[in-house]
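Remarks on the structure that follows.
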Amino acid sequence: MSKTVLGVYNSSDEVVRAIEEYQNEGYSVNDLSIIGNTTDVPSSIEEETGVASQEISTSNHTQTEEHQGFLASLFTPFEDRMYQNDEDRTTYYDHLVAQGISEVDALKYEDDINDGKVLLLAKKGTGYDNAIDSVSTETMAREQTGLQDTFDTDKQRSLKLREEQLDVNKHRVQTGEVEVKKEVVEEQETVNVPVKHEEVYVERRAVDENEADTTKPIGDDETIRVPIVEEKVEVTKKPVVSEELVIGKKQVTETQKVTENVKREEAKVNKEGDASVSETTTDSDRVDSDRF
């Protein structure tokens, strides 16, 4: 499977950090590999991260005249260029070209390796490589190391800046429950009830002796009976409806704030010497003028 270079790094610590970042972006350790010109550094990285190092049987000689004349011979038949220093040893250049790296980039990456730097490669079609073509990926890797392409300087190249955007979804969950039921509460109630009763009164009046009935002998028994009636309170109880509860649910909308950290890529232009940079944009709100 063809491969692409994700970056060129000066130390094993930088490589380890880069591997962790690319793993967060969706790459697996099986998709990644590293190349260095010493066995110690790639071995330590492999032990720490699990990313395999590519062992190349190569002669680390200084670039031959064929390498030095590469740019001048780009338009000559490829068979005129032989990068085998001997029959059984392969240069880093040949190894990179065999894995799908462009000839221009392979020559520069070989210089990086000979300078003690470490290359981090990935299989094409993995991680974010589906969304970014291999030419753009290799160009980004070259620009991360500050190396400039001296060939075809008038050619326009693009650097895609990415950013994370929040994707907010909602789902229904039960957060509580309301239970409404009846229970009996007993209390004492006092009611004032007016009641009537009869009382017997005896009124003594003076009479005239002439009017008295003297026909009856004294001592005859005469009794008057007066029945007395009164009202008695009788208490009974009956249930009546005193109140009605209507129970239902209604939708209430409120606004909640969701805070999350998002990453975005920004372009930083470093100028050296008398280099000048002119900038045009169609969206002035997205450009940080302090970086130019």
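Among residues two or more places apart in sequence or in another chain, the salt bridge (charged side-chain N to carboxylate O under 4.0 Å, His left out) test is passed with K196 by none. For V200, the side-chain contact (heavy atoms from CB on, under 4.5 Å) criterion is met by V226, I228, not counting sequence neighbours. With sequence neighbours left out, the side-chain hydrogen bond (donor to acceptor under 3.5 Å, both in side chains) criterion links S53 to E46. The side-chain contact (heavy atoms from CB on, under 4.5 Å) check on E48 picks up V16, with sequence neighbours excluded. In terms of the side-chain contact (heavy atoms from CB on, under 4.5 Å) criterion, V202 has no residue partners (sequence neighbours excluded). Every residue two or more places apart in sequence or in another chain was checked for a side-chain hydrogen bond (donor to acceptor under 3.5 Å, both in side chains) with S11, and none qualifies. Residues satisfying the salt bridge (charged side-chain N to carboxylate O under 4.0 Å, His left out) test with E203, not counting sequence neighbours, are R205.
At a threshold of 4.0 Å, the pair R264-E266 counts as salt-bridged, since one of the basic side-chain nitrogens sits closer than that to a carboxylate oxygen.
To the nearest 0.5 Å, the span separating CD on E163 from CG on L161 amounts to 9.0 Å. Summarising the geometry, atom CD1 belonging to I19 is positioned 6.5 Å from atom CG belonging to L32; distances are rounded to the nearest 0.5 Å. Distance OH/Y92 to CG/L107: 14.5 Å, rounded to 0.5 Å. T49 contributes atom OG1, which lies 14.5 Å from atom OH of Y22 (distance to the nearest 0.5 angstrom). The CD atom of E110 lies 8.0 Å from the CG atom of D94; values are rounded to the nearest 0.5 Å. Note: S33 OG to I45 CD1 = 11.5 Å, rounded to the nearest 0.5 Å.
Counting only residues at least two apart or in different chains, salt bridge (charged side-chain N to carboxylate O under 4.0 Å, His left out) contacts with residues 226-242 comprise E230-K232. Residue pairs meeting the side-chain hydrogen bond (donor to acceptor under 3.5 Å, both in side chains) criterion with at least one partner in residues 239-251, sequence neighbours excluded, do not occur; the list is empty.
A donor-acceptor pair under 3.5 Å links the side-chain atoms of E14 to the main chain of N10, judged by distance alone. Although no hydrogens or angles enter the test, the distance criterion places no donor-acceptor pair under 3.5 Å between the side chain of Q99 and the main chain of K3. Judged by distance alone, with hydrogens and angles left aside, the side-chain atoms of D31 form a donor-acceptor pair with the main-chain N or O of S28 at under 3.5 Å. E164 places no side-chain N or O within 3.5 Å of a backbone atom of V262 that could act as its donor or acceptor partner. Y109 places no side-chain N or O within donor-acceptor distance of the main-chain N or O of V8, the cut-off being under 3.5 Å.
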Residue pair L120, V118: steps toward the side chain to side chain contact (heavy atoms under 4.5 Å, CB included) verdict: CA-CA 7 Å; L120 177 61; V118 180; over 6 Å; no
Side chain to side chain contact (heavy atoms under 4.5 Å, CB included) assessment of L119 paired with D112: CA-CA 8 Å; L119 269 62; D112 292 332; 4.3 Å; yes
Check against side chain to side chain contact (heavy atoms under 4.5 Å, CB included), Y93 and E103: CA-CA 8 Å; Y93 168 86; E103 296 179 2; 3.5 Å; yes
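Apart from L245 itself, the hydrophobic cluster it occupies contains V178, V180, I247, where clustering links Ile, Leu, Val, Met, Phe, Trp and Tyr at side-chain heavy-atom distances under 4.5 Å. Taking a 4.5 Å side-chain heavy-atom cut-off between Ile, Leu, Val, Met, Phe, Trp and Tyr, the cluster of V258 contains only that residue. Clustering of Ile, Leu, Val, Met, Phe, Trp and Tyr by side-chain heavy atoms under 4.5 Å joins V191 with V193, V195, V233, V235.
In this structure, L121 and I35 have side chains that are in contact, with non-hydrogen atoms separated by less than 4.5 Å. Contact of the K268 side chain with the N270 side chain is registered, since non-hydrogen atoms from C-beta on lie closer than 4.5 Å.
I101 approaches A106 most closely through the heavy-atom pair CG2-N, 3.9 Å.
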